[in-house]
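Okay, structure first, notes after.
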Amino acid sequence: MENTSADTTAHKSIVIIDDDTLLLGNLQEYFAERGYSVQIADTGEKGLEMILATHPSAILLDILLPMMSGMDILKVLQEKMPDLLQHVL
């Protein structure tokens, strides 16, 4: 069976959390074109709900979010889903 890039990324999902809506749209398009299932959130609260509900393959997270910061989200995820945070850049 031939292995295409669509085959290798079809099962991959990403949640992108950023308060910059233009950046969100660009990143959503970029990852969707590469076969990812993409969910976007413009607040930390919405993004955390998405992560807890879907257990994505990857998270792209703005650290400087208003209200609930990216660091706050990481702390919650470390408590609730420690296996999810294998690589933090």
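Within 6.0 Å of the CD atom in Glu45, the count of heavy atoms belonging to other residues, nucleotides or ligands exceeds 12. No more than 12 heavy atoms of other residues, nucleotides or ligands shown are found within 6.0 angstrom of CE on Met71.
Taking CG of Asp18 as the reference point, atom CG of Asp42 lies at 9.5 Å (rounded to 0.5 Å). Here OG1 of Thr43 is found 9.0 Å from CE of Met67. Values are rounded to the nearest 0.5 Å. Atoms CE and CD1, on Met68 and Ile17 in that order, are 9.5 Å from each other to the nearest 0.5 Å. The distance from atom CZ of Arg34 to atom NZ of Lys12, rounded to the nearest 0.5 Å, is 14.5 Å. Here the straight-line distance linking atom CD of Glu33 with atom CD of Gln28 works out to 11.0 Å at 0.5 Å rounding. Ile16 contributes atom CD1, which lies 10.5 Å from atom CE of Met50 (distance to the nearest 0.5 angstrom).
A donor-acceptor pair under 3.5 Å is absent between the side-chain atoms of Ser57 and the main chain of Ile14, judged by distance alone. Using a distance-only test at 3.5 Å, with no hydrogens or angles considered, a donor-acceptor pair links the side chain of Asp20 to the main chain of Leu23.
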List the steps, then state whether side-chain contact (heavy atoms from CB on, under 4.5 Å) holds for Val15 with Leu60. CA-CA 6 Å; Val15 172; Leu60 189 54; over 6 Å; no

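The two atoms that bring Ser69 and Ile63 nearest to each other are CB-O, 3.6 Å, heavy atoms only. Nearest heavy atom pair, residue Ile40 against residue Val38, reads CG2-CG1, 4.0 Å. Scanning both residues, Pro56 and Ser13, for their nearest heavy atoms gives CA-OG, 3.2 Å. Between Asp19 and Leu65, the shortest heavy-atom contact is N-CD2, 3.6 Å.
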